[in-house]
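Proteins come first, then strands; the chains are lettered A, B, ... in the order of their sequence lines, and each starts at number 1.
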Amino acid sequence: MTDRAGRSLDRAGPTLEALADATRRTLLRAVADGGPTTATQLADDLPITRQAVAKQLAVLEAAGLVRSSRVGRETRFSACPEALLDVGRSLVSAGEAWDRRIDRLTARARERAAGAGSP
Amino acid sequence: MALERDVQLDDVDAELAWELVTRPEDLEAWLGVEVDLDAAPGASGRVVDVDGTVRRLVVEQVDEGRRLTWRWWTEGPTGDTEHVPGWDASRVEISLTPTEHGTALRVVETPLASAVTASTDAAGGWAGRLFDLQVLGLVATILIRA
């Protein structure tokens, strides 16, 4: 119960959804590669308009995949690996939950096939 | 990015396999400790997992003997019976295929777009999405660097 968020695949939805778009993945990779960087710099480096960069960075930030900080008059973006770790943990624990369910299912199937627990 | 599991159920014929995935007594032996699941499209249900997690579900597709899908989500603080935007969901698909010695069962769980994100993305919505290997590659690259 205490680890509910880490155990349910359903909570990974927003992060995975943010990662589902190729433009956002390109941006995230560029942010991770370039360290703290600005939307203007990203638009200069990538075949993406400044407007699209700003829009997609906002989606990535809402999903916790990037964070922004003000440095003087600039807003700089950096990647947040923690959100990816959370997704990784969710996938692993959801997979483990299915492994345990399937172990129990196999045992039940064996019982039923042997004639126990039938209606 | 879906989770997939395959298992071969030996000596289990199609009829027994369908019971194992739809009959409450059988479901409570493996899916969760308390399972309320009526294999009828649109039926609402509830699963209490072995760790105490409570999930609400809605049955989606029922192809008797072959395929059953539902979407489920962790119950919110209000014990919601309807999906609440912002609480995210996933779809579970169970398919059964007869084999020489029994039945092959496949489970696929796919996270669904959150309603919040979907509203900012016209292509989003409740359609389940499969996420490609590029995502995993990206995740690995960034984690290695971190």
Counting only non-hydrogen atoms closer than 4.5 Å, does B:V50 touch chain A with its backbone (N, CA, C, O), its side chain (CB onward), both, or neither? side chain
Residue part contacting chain A, namely of B:L105, when any heavy atom lies under 4.5 Å: side chain
Is it the case that the side chain of B:R5 and the backbone of A:G95 share a donor-acceptor pair, with hydrogens and angles ignored and the cut-off at 3.5 Å? yes
Between B:E25 and A:R108, does the side chain to side chain contact (heavy atoms under 4.5 Å, CB included) criterion hold? Intermediate values first, please. CA-CA 10 Å; B:E25 309 90 292; A:R108 177 68 172 182; 4.2 Å; yes
I'd like to verify something: which residue of B:T103, B:L16, B:V7 has the highest number of heavy-atom pairs under 4.5 Å with chain A? B:L16
Supply the atom-to-atom distance B:L9 CG to A:L105 CG, rounded to the nearest 0.5 angstrom. 5.0 Å
To the nearest 0.5 angstrom, please state how far the CG atom of B:D6 sits from the CD1 atom of A:I102. 8.0 Å
Less than 4.0 angstrom from a charged side-chain N to a carboxylate O is my criterion; do A:R101 and B:D49 meet it? yes
Correct closest heavy-atom pair for A:R104 and B:W30 would be NH2-O, 2.8 Å
Given side chain to side chain contact (heavy atoms under 4.5 Å, CB included), test A:W98 with B:V92 step by step and report yes or no. CA-CA 11 Å; A:W98 276 111; B:V92 176; 3.8 Å; yes
